[in-house]
Amino acid sequence: MVDFQQIIQLRNSGRTQKEIANMLGISRRSIVRYLKHGRIPKYSRSVKSNKPDPIEKFYNLATNKLEENPHILLSELYDFLCSAGYTGSERT
């Protein structure tokens with residue numbers, strides 16, 4: 001990640017935005033945006049959903065079935081899980 005102080009030092013030494021961008025390997029538009037806002041933006045990850053995973057309760061059941069028969073067809077595994085109460089889609 002590029003340090004904002006480095007951009008400021010290059011700018012104060014008389015470098016153009018294009019030269020700074022080329023030296024640091026980022027776009028000129030990013031340099032313009034960083035200088036305009038006076039900082040490099042901080043990004044954060046979005047919060048995970050609170051929705052429960054439908055397969056979570058059946059994970060152990062599925063892994064046990066796969067250990068018993070590693071060559072089982074996925075459609076057969078899905079049918080087995082549905083008979084055990086799984087209500088999710090086959091795709092999930």
Side-chain angles (χ1 to χ4, degrees):
M1 186 71 190
V2 176
D3 184 28
F4 184 68
Q5 294 300 330
Q6 188 178 10
I7 294 172
I8 295 297
Q9 287 173 354
L10 291 170
R11 184 69 176 155
N12 289 341
S13 69
R15 304 286 180 151
T16 65
Q17 294 169 352
K18 186 175 182 179
E19 290 173 332
I20 296 169
N22 288 337
M23 290 174 72
L24 300 177
I26 56 178
S27 74
R28 186 190 62 80
R29 290 182 54 105
S30 293
I31 297 295
V32 171
R33 187 171 45 250
Y34 298 166
L35 291 171
K36 179 181 176 184
H37 295 292
R39 62 180 170 78
I40 295 176
K42 298 206 185 262
Y43 299 101
S44 62
R45 300 183 112 196
S46 60
V47 178
K48 285 190 173 184
S49 172
N50 292 339
K51 186 176 177 182
D53 186 7
I55 194 75
E56 187 175 3
K57 293 184 237 173
F58 300 96
Y59 181 76
N60 289 334
L61 191 60
T63 53
N64 290 340
K65 189 71 169 176
L66 286 169
E67 286 173 0
E68 288 174 18
N69 183 4
H71 301 291
I72 189 171
L73 297 174
L74 291 179
S75 58
E76 292 175 11
L77 180 61
Y78 174 69
D79 292 338
F80 171 74
L81 292 175
C82 285
S83 68
Y86 177 67
T87 57
S89 69
E90 185 173 3
R91 182 175 175 195
T92 302

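Quick caveat: nothing in here was measured; it's all calculated off a predicted structure. Because only heavy atoms are used, hydrogens play no part in the values below, and waters and symmetry mates are left out as well, while side chains stay in.
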Handout entry: Approximate separation, where rounding is to 0.5 Å, of N60 CG and K65 NZ
Key =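 Reported to 0.5 Å precision, the distance equals 15.0 Å.
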Handout entry: From T63 atom OG1 to F58 atom CZ, the distance as rounded to the nearest 0.5 Å
Key = 13.0 Å
Handout entry: Atom of G14, atom of E19 and distance for their closest heavy-atom approach
Key = O-OE1, 4.4 Å
Problem - Nearest-0.5 Å distance that lies between atom OH in Y78 and atom OG in S83 - result: 11.0 Å
Practice task
Using atom types as modelled and distance alone, determine if a side-chain donor or acceptor of S30 lies under 3.5 Å from a backbone N or O of I26.
Solution key: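 Looks like no, no N/O pair under 3.5 Å.
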Problem - hydrophobic_cluster_shared for V32 and I7, side chain cutoff 4.5 Å - result: no
Exercise for the section: Decide yes or no for L24 and L10: does some side-chain heavy atom of the first lie under 4.5 Å from some side-chain heavy atom of the second? Expected result: yes
Problem - Y86 side chain reached by L61 side chain, heavy atoms, under 4.5 Å - result: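 Side-chain contact under 4.5 Å: no.
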Handout entry: Working for side-chain contact (heavy atoms from CB on, under 4.5 Å), residues L77 and N69
Key = CA-CA 10 Å; L77 180 61; N69 183 4; over 6 Å; no
Problem - Derivation and outcome, side-chain contact (heavy atoms from CB on, under 4.5 Å), residues D3 and I40 - result: CA-CA 8 Å; D3 184 28; I40 295 176; 5.9 Å; no
Problem - Criterion side-chain contact (heavy atoms from CB on, under 4.5 Å) on Q17 and R11, from CA distance to verdict - result: CA-CA 7 Å; Q17 294 169 352; R11 184 69 176 155; 4.2 Å; yes
Completion exercise
Between the CZ atom in F80 and the CG atom in N64, the distance rounded to the nearest 0.5 Å is 8.5 Å
Exercise for the section: Any chance you could measure Q9, atom CD, to I20, atom CD1, to the nearest 0.5 Å? Expected result: 11.0 Å
Practice task
Answer yes or no: are there more than 12 heavy-atom neighbours, outside L73 itself, under 6.0 Å from its atom CG?
Solution key: yes
Practice task
Look up atom CE in M23 and atom OG1 in T16, then write down how far apart they are to the nearest 0.5 Å.
Solution key: 10.0 Å
